[in-house]
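Here's the structure, in structure tokens; my notes come after.
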Amino acid sequence: MKKSIAWIIDTTGFVTEEFKAHPDVYVVPLNIHFGTEEFIDDGVDLTNEDLYKRIKASTSFPKTSQPSAGKFAELYDRLKEEYECAIAVHASAKLSGTIASSTAGAEMSEFKVYTIDSLALSYGLSGLIERGLKLQEQGHPAEEIAEKLAKETENFRNYILIGNLTQLYKGGRMSGAQYYLGSLLQIKPIVQITPEGELQPIDKVRSHKKAIQYLINHAKKDHAEFGVKRFQIMHGNVLKEAENLKQEVLKEIPEADILIGDLSSSLAVHAGEGTIAFLWRKENF
């Protein structure tokens, strides 16, 4: 007898230790390119520590690419022998072509896959997988779970403090003039993944201290208005800063449940070393 649901997440999501140990969760890595060199974003082929060293030493900017439809088809060919269907949660289609590859791979394999556009990155994917697993435990069928997860994307909140203007500049996401002025004035850009899944700047703050308070103020607002208690802090090789943010949040929201994790390599390529992302959902799962 086949198992009911296989769960798929790509490495733009935060791959928790629970996911790594779960027999029904499958992680599909993106690829990272340094010139002609290609690495798999699996934490083994290229660790985060190695990535940051390479970025600092490289004269060219690294790039990422989504897994091919063929890679997904290979996975789905294996899974259809063991599972009735799969639910795949992927990065926003506005930011990555991974969901298109996943959909094409499912069609090639002729396997039933419910693909969910998370309209997010990092824990925005992971939280949906966690929610889906709970719904499965409660006995909900796959189609209903997929519908609920697609609806719950609208509850995602995120505030991202960019830590490295040099990386944004090298990646072509900031003009020379913007880079010069930002560095000179110590501007701290804050960006956000919009409800439509697009990455947009929302504010600029003149000091790191003010930027951290900016993040905390938004968390306090949603805690007061919606009762949010679960938060996630994702960081780009700045664990101490992430832990400091956690302590500052706990001063304001003592009952908060806060998880700290690394940005995946495929996100760190773009966000830069020193980036802090503060994430939560309006409704606690």
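Treat the numbers as computed from the prediction; the structure is a model and nothing was measured. Along the sequence shown, residues carry numbers from 1.
Interatomic distance, His223 NE2 to Ile216 CD1, rounded to the nearest 0.5 Å: 13.5 Å. Asp203 contributes atom CG, which lies 7.5 Å from atom NE2 of His218 (distance to the nearest 0.5 angstrom). Atom OG1 of Thr275 is separated from atom CD of Glu241 by 10.0 Å, given to the nearest 0.5 angstrom. Between the CZ atom of Phe231 and the CG atom of Leu279 there is a distance of 11.0 Å, given to the nearest 0.5 Å. Note: Met234 CE to Ile260 CD1 = 8.5 Å, rounded to the nearest 0.5 Å. The line from CE of Met1 to CD of Glu84 is 6.5 Å long, rounded to the nearest 0.5 Å.
No side-chain heavy atom of Phe39 sits less than 4.5 Å from a side-chain heavy atom of Asp50. In this structure, Tyr123 and Arg230 have side chains that are in contact, with non-hydrogen atoms separated by less than 4.5 Å. By the 4.5 Å heavy-atom criterion applied to side chains, Leu75 and Ile8 are counted as neighbours. Between Thr194 and Lys94 there is no side-chain heavy-atom pair separated by less than 4.5 Å. For the pair Lys209/Ile212, no side-chain contact is recorded, criterion being any heavy-atom separation below 4.5 Å from C-beta on. By the 4.5 Å heavy-atom criterion applied to side chains, Phe226 and Arg157 are not counted as neighbours. When side chains are defined from C-beta on, Leu30 counts as touching Pro67, because their heavy atoms get closer than 4.5 Å.
Linking Ile, Leu, Val, Met, Phe, Trp and Tyr whenever their side-chain heavy atoms come within less than 4.5 Å puts Phe14 and Phe156 in one cluster. Tracing side-chain contacts under 4.5 Å through hydrophobic residues (I, L, V, M, F, W, Y), one reaches Phe72 starting from Tyr26; they form part of the same cluster. No continuous path of hydrophobic side-chain contacts links Ile40 to Leu263 [ILVMFWY only; heavy atoms under 4.5 Å]. Under the 4.5 Å side-chain contact rule for hydrophobic residues, Val89 and Leu133 share a cluster. One hydrophobic cluster, built from ILVMFWY side chains closer than 4.5 Å, cannot hold both Val25 and Leu79; they sit in different ones.
Of all heavy-atom pairs spanning Leu128 and Ile116, the tightest one is CD1-CG2, 4.4 Å. Taking both residues in full, the closest heavy atoms of Gly132 and Leu149 are given as N-CD2, 3.8 Å, listed atom of the first, atom of the second, then distance. Nearest approach of Leu250 to Ala256, heavy atoms of both residues: CD2-O, 3.6 Å. Smallest separation of non-hydrogen atoms from Ile193 and Asn158: N-OD1, 2.7 Å. Taking all atoms of both residues into account, the shortest heavy-atom contact from Ser109 to Lys80 is O-NZ, 2.6 Å. Heavy atoms only, all atoms of each residue included: Gly274 and Val238 are closest at CA-CG1, 3.7 Å.
Not a single donor-acceptor pair under 3.5 Å links the side chain of Thr115 to the backbone N or O of Ile99. Between the side chain of Ser118 and the main chain of Gly124, no donor-acceptor pair closer than 3.5 Å is present.
For the residue pair Thr11/Asp41, the side-chain donor-acceptor check at 3.5 Å is satisfied. Side-chain atoms of Ser65 and His33 form a donor-acceptor pair, as typed in the model, at a separation below 3.5 Å. Side-chain contact annotation: Glu49 with Thr47, donor-acceptor N/O pair under 3.5 Å absent. Counted by atom type alone, Asn217 and Gln213 present one or more donor-acceptor pairs between their side chains at under 3.5 Å. Between the side chains of Tyr83 and Asp24, a donor-acceptor pair is found at a separation under 3.5 Å. Using modelled atom types, one finds a donor on one side chain and an acceptor on the other under 3.5 Å when comparing Ser102 with Tyr76. Side-chain atoms of His90 and Asp117 form no donor-acceptor pair, as typed in the model, at a separation below 3.5 Å.
A salt bridge links Lys20 with Glu17: at least one charged nitrogen is closer than 4.0 Å to a carboxylate oxygen. In summary, Lys151 and Glu154 engage in a salt bridge, as defined by a charged side-chain N under 4.0 Å from a carboxylate O. Ion pairing between a basic and an acidic side chain is recognised when a charged N comes within 4.0 Å of a carboxylate O; Glu225 and Lys221 show such pairing. In summary, Glu243 and Lys246 do not engage in a salt bridge, as defined by a charged side-chain N under 4.0 Å from a carboxylate O. Under a 4.0 Å N-O distance rule, the pair Arg131/Glu152 qualifies as a salt bridge.
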Problem set entry | Test side-chain contact (heavy atoms from CB on, under 4.5 Å) applied to Glu130 and Glu18, step by step | CA-CA 9 Å; Glu130 289 179 352; Glu18 289 76 14; 5.7 Å; no
Problem set entry | Pair Ser126-Ile9, side-chain contact (heavy atoms from CB on, under 4.5 Å): steps then yes or no | CA-CA 8 Å; Ser126 313; Ile9 186 171; 4.0 Å; yes
For this session: Would you please test Ile253 and Lys220 for side-chain contact (heavy atoms from CB on, under 4.5 Å) and show each step?
Result: CA-CA 7 Å; Ile253 311 173; Lys220 286 172 60 180; 4.3 Å; yes
Exercise. Could you go step by step and tell me if Glu248 and Lys251 meet the salt bridge (charged side-chain N to carboxylate O under 4.0 Å, His left out) rule?
Worked result: CA-CA 5 Å; Glu248 291 301 316; Lys251 289 178 185 178; 3.1 Å; yes
Exercise. Run the side-chain contact (heavy atoms from CB on, under 4.5 Å) check on Tyr114 and Ile145 step by step: do they pass?
Worked result: CA-CA 9 Å; Tyr114 298 94; Ile145 294 172; over 6 Å; no
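Heavy-atom neighbours of Lys2 NZ from other residues, nucleotides or ligands within 6.0 Å: above the threshold of 12. Within 6.0 Å of CD in Gln138 there are more than 12 heavy atoms belonging to other residues, nucleotides or ligands. By the neighbour-count criterion of 12 heavy atoms within 6.0 Å, atom NZ of Lys3 is densely surrounded, having more than that number from other residues, nucleotides or ligands.
Exactly one residue among Ile233, Ile160, Ile190, Asn244 makes a side-chain contact (heavy atoms from CB on, under 4.5 Å) with Ile276. That residue is Ile233.
Trp280 and Phe278 have perpendicular rings, their planes meeting at more than 60° on a 0 to 90° scale where under 30° would count as parallel.
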